[in-house]
Amino acid sequence: MNKLLKTSALLSTALILGSTVAPLTADAAKYKTINWTEGADLGTMDPSKSTAAVDFDALQATGDGLYRNDKSGKPALALAESVEKSEDGLSLTFKLRSGLKWSNGDALTAHDFVYGWQRTNDPKTASQYAYLFSGIKNADAIQSGENTDLSSLGVTAVDDTTLEVQLEKPMPQLESVLTMAPFYPQNQKFVEKVGKKYGTAAKYTLSSGPYILKDWTGSNNKYSLVKNKNYYDAKVVKTPKVVVQTIKDQNTGYNLYKSGKVDFTNLSPDQVKASKKNKAYKVIPQASTFYMEFNQKKVKALANQKIRQAISYSIDRKTLSDKILTGTATPATTFTSTKLAVDPNTNKDFAKSAEVKGAIAYDKTKAKKLFKEGMKEAGIKKLTLQMVTDDTDGAKRTAQFLQSQMEKLDGLKIDIKPVPFKQRLALSQEKKFDLVITAWGADYGDPSTFLDLYTKDSSFNNGSWDNAQYNELMQAAKTTDVNDDNKRYEDYKQAEQIIDKEVGVAPLYYRSYATLFRTSVKGVVMNPAGAPYDWKWAYKK
C-alpha cells in the first residue's frame, strides 16, 4: 500500500519568482507530456484518508513531506532542510526550508504539519493510516479516544520554520513513514474552507509537491498533473505535464500503447508472451502480496480454522501465477512479501526466513480432509460464499480460477462479485463481504508494514482475525524489543508463522508488474514499497 495531497511553492520574492517563468516555458518546449495509465480510479486525494496505491501515486506527485524518497528509494530530507536528534532519540527538531509556499501562494509553515498530523490522528477523521503514528507522543491515546486533547500530540511548531517531534518510544521506521501522505502538511484555512469536499476533486486539493492536480472531477477516469512552479525543488522537475488515465481493460491499454497514445501500460498474460522481446518490456517488482481475507464475524463458518486452512490448501498458486497471471506473479508462501527486508538473524529475505514449509501450499488431499472436519465442527453440510473482487480483467480472471479451485471442496459454492476498485475498498472497510480478494503493498521496508495490519485493533483487520500470542509478539516488537533488531525480527518471524499456520488470511501471490514502458520516458522512480511511482524526476524528450 503502500500509499501527498499537496504541492508547495518554492520562491518568495517577485523577482525570483519571475525568473522561473522562462525555464518553465523552456521545459514545456523541450520536454513532452508523459501519458501514464493506472489500473484503478482515484479514490481520494485527502492525505489523511487515502489507502490505495493509485491514490498514493497521485498524492506523492502533488505533495511532499519532511522526507521524500530519493532516486535510489532512500528517505532524504525534503521540505525540511535539517534535523537534530536528542541523545536518546526521542526528540527531533526539524528546520524547514525558507520560503516554502502552497500552490495557491500561501506560506507553508511548521503549523501546517501540526494541523495535518493532528487531523490524521483525530478519531473524527477516521484515518486508517493513523496507526503509523504509533510511537509519537500521545498518538495511540488520541486515536483511541482516551486523550481528547489534539494539542497534546507530540508535534509542535516552535515558529514558522521549526518543528519539534516528541516520541514515546524509538521508531526504527520513522524516516520511511515520514515520506508518506498522512505525514504531509495540510493547510488548515483551505481544508476548513472546503470542508467535507476536501480531496474529492482537483479544485478541492492544494499542493506542496512537484505537480498540481488538474481535470479530476472526483468520478472521471482521466486527470493531469501539471508542474508546480512554486515547488521548492521546481528546478529539477522537467516534465510540464503527466496525464494519467484509468485503464481496466488490458487490451485497451495495449492498443493505446501500440498506437502511441500512452507511454506505459500493464500487460495481460497473453500480452506478456507477445512482448517479451520488445525493448520496452519491463518487469517491475513490488513488495506486495495479494491475498484472500475471510470475514470471520459475518460468516461463522469462516471462524473455523480448518475451513480456512482447507480453502487455502485447495488453491494451486503455481498454476495461478504461471498460467493466469503470467509475468506478474510469484506464488506466495507468506503473508509478508518478498523483496521487503532482510532478517538480521539469517541475512536472508525475511519472507524466506519466516516461511513455514507447507503452511501456505497446494494440497488437495489435506484440503478435502480439513474441509470435511471443519464443516462437521461448524454443524453444516453446505456453504455458499460470495467472493468480492475488483472488476479489472486480471482480477476477474483470478477470481474465476479461485472459484474453480475452491468449488472442488464438497459442499462449497462460490459466487463472484466483481465491483469497481473504490467500491471494493468500501465493502472491505465496512466489513460487508464473505471473502474478498485484496492486496497490500509495503509502505516502508520493515515487516511491521504487513504484520501490523492484523493485530486485534488494527483498522485494516477487516476480517476480524484475532490471536493473542500474535498481538503480544507485535507489541513486544514495538516496546521491549524495539531497540534490538535481532529480537524485533524474531518477534516478527514468530508472528508471521502464526498468521500463516492459522490462515488468518490466505496469501495468494507476490506481485510484479509486467509492463510496456516507453524507452523515451526516463527518470521515473519505481519504489517496491510506498507509492509505486514517483514522477518528480521523470521526463520525456
Side-chain angles (χ1 to χ4, degrees), residues 39 247-251 253-254 257 265-278 280-293 309-340 348-349 351-352 354-368 387 389-409 414 416 418 435-442 450 500 503 505-517 526 528 532:
I247 302 294
K248 295 180 181 179
D249 178 13
Q250 288 165 322
N251 287 325
Y254 186 75
Y257 180 89
T265 189
N266 287 300
L267 298 175
S268 71
D270 289 340
Q271 292 161 3
V272 167
K273 295 174 185 176
S275 303
K276 282 191 173 180
K277 294 182 180 180
N278 191 322
Y281 178 74
K282 188 177 185 67
V283 175
I284 304 171
Q286 292 287 298
S288 62
T289 304
F290 272 70
Y291 60 98
M292 182 186 300
E293 191 166 15
Q309 289 173 324
I311 289 173
S312 179
Y313 279 126
S314 74
I315 299 168
D316 184 346
R317 292 166 176 81
K318 189 174 189 308
T319 297
L320 172 63
S321 297
D322 293 350
K323 304 297 183 183
I324 309 300
L325 299 166
T326 304
T328 62
T330 304
T333 53
T334 52
F335 173 51
T336 301
S337 76
T338 54
K339 298 180 173 61
L340 174 71
K348 295 180 180 178
D349 186 306
K352 299 299 182 184
E355 179 183 338
V356 178
K357 297 295 183 184
I360 306 298
Y362 176 50
D363 190 324
K364 290 188 294 184
T365 302
K366 190 175 288 187
K368 290 180 179 180
M387 180 168 58
T389 187
D390 291 347
D391 61 357
T392 61
D393 288 351
K396 287 188 283 190
R397 283 197 303 272
T398 298
Q400 289 162 1
F401 175 80
L402 295 175
Q403 178 190 47
S404 69
Q405 295 277 285
M406 291 187 287
E407 287 190 341
K408 292 176 182 177
L409 297 173
I414 303 294
I416 299 173
L435 305 173
V436 61
I437 306 304
T438 188
W440 186 258
F450 279 88
D500 292 345
V503 190
V505 297
L508 299 173
Y509 61 91
Y510 309 126
R511 177 177 62 180
S512 294
Y513 293 118
T515 71
L516 284 176
F517 194 142
M526 292 162 281

Next item on the list: Say whether, by atom type as modelled, one donor and one acceptor occur between the side chain of Glu355 and the main chain of Thr334 under 3.5 angstrom.
Entry: no

Note to self: For Asp500 versus Thr333, what's the shortest heavy-atom pair and its separation?
What the structure shows: OD2-O, 4.1 Å

Notebook entry, point to check: Looking at Ala361 and Arg317, what are the two nearest heavy atoms and their distance?
Noted result: O-NH1, 3.4 Å

Next item on the list: Verify the distance criterion only: is there a donor paired with an acceptor across the side chains of Arg397 and Thr389 at less than 3.5 Å?
Entry: no

Notebook entry, point to check: For the atom pair CD (Gln250) and CG (Asp393), what is the distance rounded to the nearest 0.5 Å?
Noted result: 5.5 Å

Next item on the list: Grab the two heavy atoms, one from Ser312 and one from Ile360, that are nearest each other, plus how far apart they are.
Entry: OG-CD1, 4.3 Å

Margin query: When you compare the side chain of Thr338 with that of Thr330, does any pair of heavy atoms fall below 4.5 Å?
Written below: no

Notebook entry, point to check: Tyr291 vs Phe335 aromatic rings, parallel, tilted or perpendicular, using cut-offs 30° and 60°?
Noted result: perpendicular

Item checked: Gln286 and Pro532, any side-chain heavy atoms less than 4.5 Å apart -> yes

Notebook entry, point to check: Roughly how far, to the nearest 0.5 Å, is OG1 of Thr438 from CD of Glu293?
Noted result: 6.5 Å

Item checked: Point-to-point distance, once rounded to the nearest 0.5 Å, from CE of Met292 to CE of Met387 -> 6.0 Å

Check: Do Arg511 and Tyr509 get their side chains close enough for a donor-acceptor pair, meaning under 3.5 Å?
Finding: no

Notebook entry, point to check: Does the side chain of Leu409 come within less than 4.5 Å of Lys368's, by heavy atoms?
Noted result: yes

Check: Are any non-hydrogen side-chain atoms of Tyr313 and Val503 less than 4.5 angstrom apart?
Finding: no

Notebook entry, point to check: Minimum heavy-atom separation for Tyr257 to Phe517, with atom names?
Noted result: OH-C, 4.1 Å

Check: Can you tell me how far the CG atom of Asn251 sits from the CG atom of Leu267, to the nearest 0.5 Å?
Finding: 10.5 Å

Notebook entry, point to check: Which atoms form the tightest heavy-atom contact between Gln405 and Asp316, and what is the distance?
Noted result: OE1-N, 2.7 Å

Next item on the list: Ignoring hydrogens and angles, state whether a donor on the side chain of Asn266 or Gln271 is under 3.5 Å from an acceptor on the partner side chain.
Entry: no

Checklist line | Side chain Thr515, main chain Lys282, donor-acceptor under 3.5 Å | finding: yes

Checklist line | Beyond-backbone contact of Tyr254 with Ser275, side-chain heavy atoms, under 4.5 angstrom | finding: yes

Check: OG1 of Thr336 to OH of Tyr510: how many Å apart, nearest 0.5 Å?
Finding: 8.0 Å

Next item on the list: For Ser512 and Pro285, work out which heavy atoms get closest and say how close.
Entry: OG-CA, 3.6 Å

Notebook entry, point to check: Rounded to the nearest 0.5 Å, what separation is found between the OG1 atom of Thr392 and the NZ atom of Lys248?
Noted result: 8.5 Å

Next item on the list: Assess whether side-chain contact (heavy atoms from CB on, under 4.5 Å) is satisfied between Phe290 and Thr398, documenting all intermediate values.
Entry: CA-CA 11 Å; Phe290 272 70; Thr398 298; over 6 Å; no

Margin query: Under the criterion side-chain contact (heavy atoms from CB on, under 4.5 Å), I'd like the reasoning laid out for Ile437 against Leu402: C-alpha separation, chi angles, the key distance, then a yes or no.
Written below: CA-CA 10 Å; Ile437 306 304; Leu402 295 175; 3.6 Å; yes

